[in-house]
Amino acid sequence: MTESKGALRKAALLDAAEEVLVTKGNANAAMRDFAAAAGVRIGHLQHYFPTRADLIRAVLERTLERSLHRLTEVAGLDLGPGAGGGLTRDDSHRLLTALIHEHSGLADVKMHLEIWALAASDEQAAAALRAFYQQYSGHVQGVVRRGRPGLPEPEVEGVASAIISLFEGAAVTRSDIAGLRTESGDQAIIRAAQWMIHEQGTGVVYGF
């Protein structure tokens, strides 16, 4: 299906916003900076995204949508809301391998670091960031429920938060910024996440 002109314009504006955050590393960018990068008047930008927080929220939502689409294709699993069915260790290994690859791009790491920096001093941007992580957590919770049916909901939420923290932190330390990426380290991260998804009450992370 051909995208509407409005959708294409919005996509171009989001592309420009990502470029500002990744290339210029400008967490303090104002709407006029994003408009200038897109080559449009600020009023045109604000027609689609009235505030900077609205723009950041849209950037994050698009990032999550793209990531979910790629993960679904690579892992061959339905990750949509309400997706059911069991989850084998082979399933989770494919998914987690794809997920760690998703967290390997330096551009995405830079963008998220800049958004975090912006959110530290802008409550509206922080609210957009929290909304992003709530959506992210919802998808991970769905995976945990399939791996550990019957797990109480507070524990499902806790496991999902731990998995997200593991991969988000690893995205920074494994990047070229910190330079700690190794194949054995990646496999250890995957094993740890698999244990959280399939844990049988042994209290031991297998493979360590």
Side-chain angles (χ1 to χ4, degrees), residues 1-75 77-83 98-143 160-161 164-165 167-169 171-172 175-177:
M1 182 181 294
T2 303
E3 288 188 275
S4 67
K5 288 183 179 179
L8 291 172
R9 289 179 183 134
K10 286 180 71 173
L13 294 172
L14 293 175
D15 288 341
E18 288 185 9
E19 182 72 13
V20 170
L21 292 168
V22 173
T23 304
K24 297 183 179 180
N26 193 350
N28 296 313
M31 290 294 275
R32 63 177 176 275
D33 300 311
F34 293 118
V40 300
R41 295 189 301 273
I42 190 169
H44 178 82
L45 175 62
Q46 290 178 317
H47 173 74
Y48 292 98
F49 308 106
T51 68
R52 184 172 65 172
D54 292 322
L55 180 60
I56 294 301
R57 183 177 294 106
V59 166
L60 289 169
E61 287 176 351
R62 186 173 72 159
T63 298
L64 183 58
E65 288 171 4
R66 287 177 168 177
S67 181
L68 287 170
H69 178 72
R70 288 190 294 264
L71 288 171
T72 297
E73 286 193 332
V74 173
L77 294 170
D78 181 2
L79 301 174
L99 184 59
I100 204 165
H101 179 74
E102 282 290 303
H103 284 73
S104 297
L106 182 58
D108 282 345
V109 172
K110 285 183 176 180
M111 185 182 75
H112 280 83
L113 287 175
E114 293 301 325
I115 291 174
W116 269 88
L118 188 157
S121 59
D122 183 331
E123 177 51 34
Q124 288 188 323
L129 191 61
R130 288 193 293 270
F132 164 77
Y133 279 109
Q134 283 297 318
Q135 285 184 287
Y136 185 1
S137 179
H139 288 286
V140 178
Q141 287 175 39
V143 172
S161 295
I164 291 170
S165 298
F167 278 81
E168 291 286 297
V172 176
S175 72
D176 290 344
I177 298 172

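A 4.5 Å side-chain heavy-atom check between I177 and V172 finds every atom pair outside the cut-off. Looking at E168 and H103, their side chains come closer than 4.5 Å, going by heavy atoms from C-beta outward. The shortest side-chain heavy-atom distance between M111 and T63 falls under the 4.5 Å cut-off. Using a 4.5 Å cut-off on side-chain heavy atoms (C-beta onward), D78 and T72 make no contact. Between L118 and E114 the shortest side-chain heavy-atom distance does not fall below 4.5 Å. Between L55 and L14 the shortest side-chain heavy-atom distance falls below 4.5 Å. Put simply, the side chain of E61 reaches to within 4.5 Å of the side chain of Q135, judged on heavy atoms.
Of all non-hydrogen atoms in A35 and L45, the two that sit nearest each other are N-CD2, 3.7 Å. Here the closest heavy-atom approach between residue S175 and residue L106 is recorded as CB-CD1, 4.1 Å.
With rounding to the nearest 0.5 angstrom, the CG atom of L99 is 9.5 Å from the CD1 atom of I164. Atom-to-atom distance recorded for L79:CG and H69:NE2 is 12.0 Å, nearest 0.5 angstrom. For the atom pair CG (L113) and CG (L21), the distance works out to 11.0 Å, reported to the nearest 0.5 Å.
Without hydrogens or angle criteria, D108 side chain to G105 main chain gives no donor-acceptor distance under 3.5 Å. No donor-acceptor pair under 3.5 Å is formed between the side chain of D122 and the backbone N or O of A119. Between the side chain of S165 and the backbone N or O of S161, at least one donor-acceptor pair lies under 3.5 Å.
For the side-chain contact (heavy atoms from CB on, under 4.5 Å) test, residues two or more places apart in sequence or in another chain that qualify with S67 are R70, L71, E102. Considering only residues two or more places apart in sequence or on other chains, H44 meets the ring pair (Phe, Tyr, Trp, His ring centres under 6.0 Å) condition with Y48.
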Go through it in stages, so that I can follow the logic: the residues are Q141 and Y136, the test is side chain to side chain contact (heavy atoms under 4.5 Å, CB included), and I'd like the CA-CA distance, side-chain angles, deciding distance and then a yes or no. CA-CA 9 Å; Q141 287 175 39; Y136 185 1; over 6 Å; no

Walk me through whether E18 and K110 qualify under salt bridge (Lys or Arg N to Asp or Glu O under 4.0 Å). CA-CA 10 Å; E18 288 185 9; K110 285 183 176 180; over 6 Å; no

After noting the C-alpha distance and the side-chain angles of L13 and F34, does the key distance pass the side chain to side chain contact (heavy atoms under 4.5 Å, CB included) rule? CA-CA 8 Å; L13 294 172; F34 293 118; over 6 Å; no

Could you walk me through whether T51 and Q46 satisfy the side chain to side chain contact (heavy atoms under 4.5 Å, CB included) test, starting with their C-alpha distance in whole Å, then the side-chain angles of each, then the deciding distance to 0.1 Å, before giving a yes or no? CA-CA 7 Å; T51 68; Q46 290 178 317; over 6 Å; no

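Listed by first and then second residue, the salt bridge (charged side-chain N to carboxylate O under 4.0 Å, His left out) pairs involving residues 6-17 are D15-R62 (not counting sequence neighbours).
Using a 4.0 Å cut-off between a side-chain N of Lys or Arg and a carboxylate O of Asp or Glu, E123 and R130 qualify as a salt bridge.
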